[in-house]
Amino acid sequence: MWRQWIPFWRPGLSPHSGDVDLLFAGLLIASALVLALLFFLLVLFCARYRAGNQIDRDHRVKKSWHWEVSWTAASFVCFLGLFVWGASVYFQIYRTPADDNDVFVVAKQWMWKTQHPGGQSEIDALHIPVKRPVRLVMASQDVIHSFFIPALRLKHDVVPGRYQDLEIEVDKPGHYHLFCAEYCGTDHSGMIGEIVAMEPADFSNWLTQQAPSSPLASEGGQLFRELGCSGCHGGGGTIRAPPLEGVYGKPVPLSDGTTVIADDKYIRDSILMPRSQVVASYQPLMPSFEGKVSEDQLLRLVIYIKSLAGHPS
Amino acid sequence: MSDKNYLTTDYTLRSWFLTTDHKRIAILYFASLIFFFFIGGAAATAIRIELATPQADLVSSDVYNRLFTMHGIIMVWFFLIPSIPNTLGNFVVPLMIGARDLAFPRLNLMSWYIFMLGGCITLFAILAGGVDTGWTFYTPFSTLYSNSYVIVAAAGIFIAGFSSILTGLNFIVTIHRLRAPGLTWYRLPLFLWSLYATSVILVLATPVLAITLLLMATERFFGVGIFDPRIGGDPLLFQHLFWFYSHPAVYIMILPGMGVINELVSCFSRKQVFGYKFVAWCSLAIAAVGFLVWGHHMFVSGQSLIASLVFSFMSFIVAVPSAIKVFNWTATLHKGSIHFDAPMLYALAFIGLFTIGGLTGLFLACLAYDVHATDTYFVVAHFHYIMVGGMVTAYFGGLHYWWPKITGRLYSEYWARTAAVLIFFGFNLTFFPQFILGAEGMPRRYHVYPPEFQVWNVLSSGGAAILAVAYLMPLFYLGYSAFFGRRAPANPWNAPGLEWQTSSPPPEFNFASQPVVTRAPYQYNEHFQAEPQNA
Ligand code: HEM
Ligand SMILES: [Cu+2]
């Protein structure tokens, strides 16, 4: 492969990192051509027209605008091409991930905590099966972090206050760097971990060997009762609240006349800021759980509500 | 007329600290900037020594974070932004337009005091314990988690911002109102076009920075929830505000450099800059479009994909006028009569380094590649090529060019050329390996790093050692020349600009009689009879 000839280049290992590498090669070649042309002209002119060199300096280009226009147009066309190319790959990288195989990531100063739906959790590591897209649902507990896997040419900021989902897929088994790329305080450079990609069979072995505490959904269900959510949403209570069975992934009509899809973000926001999106024909009675639940617990609640809709995780 | 010049009119300290002479104020700035450059450079040296090995063996994480923050803050706000406008600009703008002084001489002095006040407050923040947020102050780290002197440092920058605004206003009014008779816009030297564009950005963008810092301080102090997601704020709002100032600010840092290069390339190839009007308008185009690209710092932040698309497109657009300038400088050399004096060596270095910086800017503007490269050493290399390879090189070039005018003395060509060549090699050795580090995925702002990155880091640190020596050299030979150098004639380069029509150093009020302009700029003799006198 041509890439092996470039000493510092370790090829990317995901379906779209090949495209990113190709783009990089394209950019490199284009830049090299421009630089070569520029340096050639600089050296040529400096040598030929150095002071004291007897050489014909008459007939200097007087009218310049057609030169100007042509190199303006040429750079513009090249730039347009690069723009379209870069943008199309970008949209692939960040396309909305498929909805099975979720893994949950909580970033905090200064560690990555990852959790599999079955309850297996890891610190500064993430085991995944190869050649299967995995959807990460990421949240930050404190400051902005950035989830960066150089081998996959992939990174995304994890901003507190919102969920970020991201699809990753690895082609080859192995251990890969996981970095925090957004400066996050004292031990920023210690916030590194590894992605362990395994053959699917090895991966399921690994999963069963990790004695899971209990599946995240059932922990979520327990929290749902402990926090008193079930009192209102559980039916039979005195206060009327929307039932949550089957709500995940469905459109929800709001009292201001708009409709939202009940995704992770919607559920999270409804727990923390219940008054901002009131479901049509209900009273805004729900208290905010801001400050009462951690990111880890929020994730479990979301997963529990998701499971009520009959979704795999 | 007596042979008194602005340096010899009076020798008292009082006459320096209460002067309203733009030339003396330029010297005051010059001395302060050397001081800040030295502090920022010392921090950089410490950082590069630390990074020579993958472990933490010189400083702790906290100290390291404070070092790179201090390096960034000092270099950006107390060196790069004021560098060319406030020293070279202050000195030569009135001379170049045939005026006695800037439009508001007292305001000019006041700007320096404000600048020093801001600088001292920021230095105090550093001495008192330092700041660990990075020069970008991203929230919520800076507002909720950082345990350092964030508000004090921000106050220093906030105050220094007023100095920028006032200087910008002063330049705009001066260039509009005080041009010598006959000096029309299209007869204006290109350096002034670029300073004009810079001033417009200074005046329009700096208030946004001031507001951003105020909001941040308010949030940190009172926790009102502008940026805090737990009470409904948005951390990304801070980034939008910050980059709305800071991207235009990178053009504040580079446009004056481009302006200087026009003067140098034209003088030392003894030709008018190719496509004068194009180049002039390019400065304004860069200033205008530069306001529309801030979102390219946030391609991976979770902003909408459509926003990224627009910002990426605008970033490519803003690169067009920069590319045009590079082509025009190159075309200027064609059929010129090229002299390789020290300022020209700096100018040629600038063209090469700026082009590399600009081309790698395209990598970052290209959405999919930015996802990989952002927040890695690739970005660090990119902006150092622009800001250090570009701006600082242009600054040194301009300083050498106008040095005889400023001091009335000639420096040693031999040492000046040696330093220029050394800077070029040291610079490339320092920063080129960082592109490779970034392409391999080494994140920026890392204090310890995986050992496989060490080779390139060692090269980079080695280059930094050379670069440090090379940057110190001018301090000695220029310093020496200021006192013991040969006397400079009024016009040592035989350049046609107005600033060369008066004696070196200029008298207190610049010109014995009001000059009148009758010709287009850069009218070098067609047949190159007029060669630099000291070549
Ligand atoms: C002309 C002078 C320029 C200067 C002074 C400059 C300076 C900078 C600086 C300081 C940063 C770093 C921001 C950080 O702290 O993360 C940066 C990043 C960037 N620059 Fe430039 N730049 C210039 C030209 C360009 C050009 C011509 C382009 C594109 C066509 C460009 C595209 C970018 C992009 C996309 C980033 C964002 C990198 C990232 O963080 O992802 N720059 N530049
Ligand atoms: Cu982090």
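Chain identifiers are assigned alphabetically (A, B, ...) following the order of the sequence lines, protein sequences preceding nucleic acid strands; residue numbering begins at 1 within each chain.
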Per-residue contact mode, [X] against chain A (heavy atom under 4.5 angstrom):
| X | answer |
| --- | --- |
| B/Tyr64 | neither |
| B/Ile317 | side chain |
| B/Phe435 | neither |
| B/Tyr138 | side chain |
| B/Asn328 | both |
| B/Pro450 | side chain |
| B/Ser312 | both |
| B/Phe68 | side chain |
| B/Thr376 | side chain |

Is any NZ, NE, NH1 or NH2 atom of the basic residue among A/Lys265 and A/Asp263 found under 4.0 Å from an Asp or Glu carboxylate oxygen of the other?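 No, no charged N to carboxylate O under 4.0 Å.
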Out of [options], which one racks up the most heavy-atom pairs below 4.5 Å with chain B?
| options | result |
| --- | --- |
| A/Ser75, A/Gly161, A/Cys78, A/Gly185 | A/Gly185 |
| A/Asp142, A/Asp187, A/Leu42, A/Leu35 | A/Asp142 |
| A/His156, A/Gln164, A/His16, A/Met273 | A/His156 |

Which atoms form the tightest heavy-atom contact between [X] and [Y], and what is the distance?
| X | Y | value |
| --- | --- | --- |
| B/Tyr145 | A/Gln141 | OH-O, 4.0 Å |
| A/Tyr266 | A/Ile261 | CB-O, 3.7 Å |
| B/Thr330 | B/Val326 | OG1-O, 2.9 Å |
| B/Asp370 | A/Lys155 | O-NZ, 4.4 Å |
| B/Pro229 | B/Phe227 | CD-O, 3.3 Å |
| B/Lys271 | B/Tyr524 | N-CD1, 3.6 Å |

Answer yes if the side chains of [X] and [Y] hold a donor-acceptor pair under 3.5 Å, and no otherwise.
| X | Y | result |
| --- | --- | --- |
| B/Asp62 | A/Thr186 | yes |
| A/Glu295 | A/Ser140 | no |
| B/Ser146 | B/Asp132 | yes |

Against chain A, work out which of [options] has the most heavy-atom pairs shorter than 4.5 Å and name it.
| options | value |
| --- | --- |
| B/Met344, B/Glu452, B/Met442 | B/Glu452 |
| B/Ser148, B/Gly441, B/Pro321 | B/Gly441 |
| B/Leu144, B/Thr139, B/Leu333 | B/Leu333 |
| B/Val448, B/Asp234, B/Val455, B/Asp228 | B/Val448 |
| B/Gly233, B/Gly302, B/Gly134 | B/Gly302 |

Please classify the contact of [X] with chain B as side chain, backbone, both or neither, using a heavy-atom distance under 4.5 Å.
| X | result |
| --- | --- |
| A/Phe83 | both |
| A/Arg48 | neither |
| A/His177 | side chain |
| A/Ile192 | side chain |
| A/Ile93 | side chain |
| A/Ile149 | neither |
| A/Leu82 | both |

Just jot down the ring-ring contact (aromatic ring centres under 6.0 Å, His included) partners of B/Phe424, sequence neighbours excluded, or say none.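 For B/Phe424 there are no ring-ring contact (aromatic ring centres under 6.0 Å, His included) partners, ignoring immediate neighbours.
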Angle class for the [X]/[Y] ring planes (parallel below 30°, perpendicular above 60°, tilted otherwise)?
| X | Y | value |
| --- | --- | --- |
| B/Tyr369 | A/Phe24 | parallel |
| B/Phe432 | B/Tyr385 | perpendicular |
| B/Trp329 | B/Phe350 | perpendicular |
| B/Phe141 | A/Tyr183 | perpendicular |

Could you tell me whether the side chain of A/Pro150 reaches within less than 4.5 Å of the side chain of B/Glu440, counting heavy atoms only?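 Of all side-chain heavy-atom pairs linking A/Pro150 with B/Glu440, none is under 4.5 Å.
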For the pair A/Gln297 (side chain) and A/Ser294 (backbone), establish whether a donor and an acceptor sit closer than 3.5 Å, ignoring hydrogens and angles.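 Checked: pair present.
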Tell me whether the centres of the aromatic rings in B/His372 and B/Phe378 are closer together than 6.0 Å.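 Ring centres of B/Phe378 and B/His372 not closer than 6.0 Å.
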With a strict 4.5 Å heavy-atom criterion, list every residue of residues 85-92 of chain A that contacts chain B, or say none.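 The residues closer than 4.5 Å to chain B, in numerical order, are A/Gly86, A/Ala87, A/Val89, A/Tyr90, A/Phe91.
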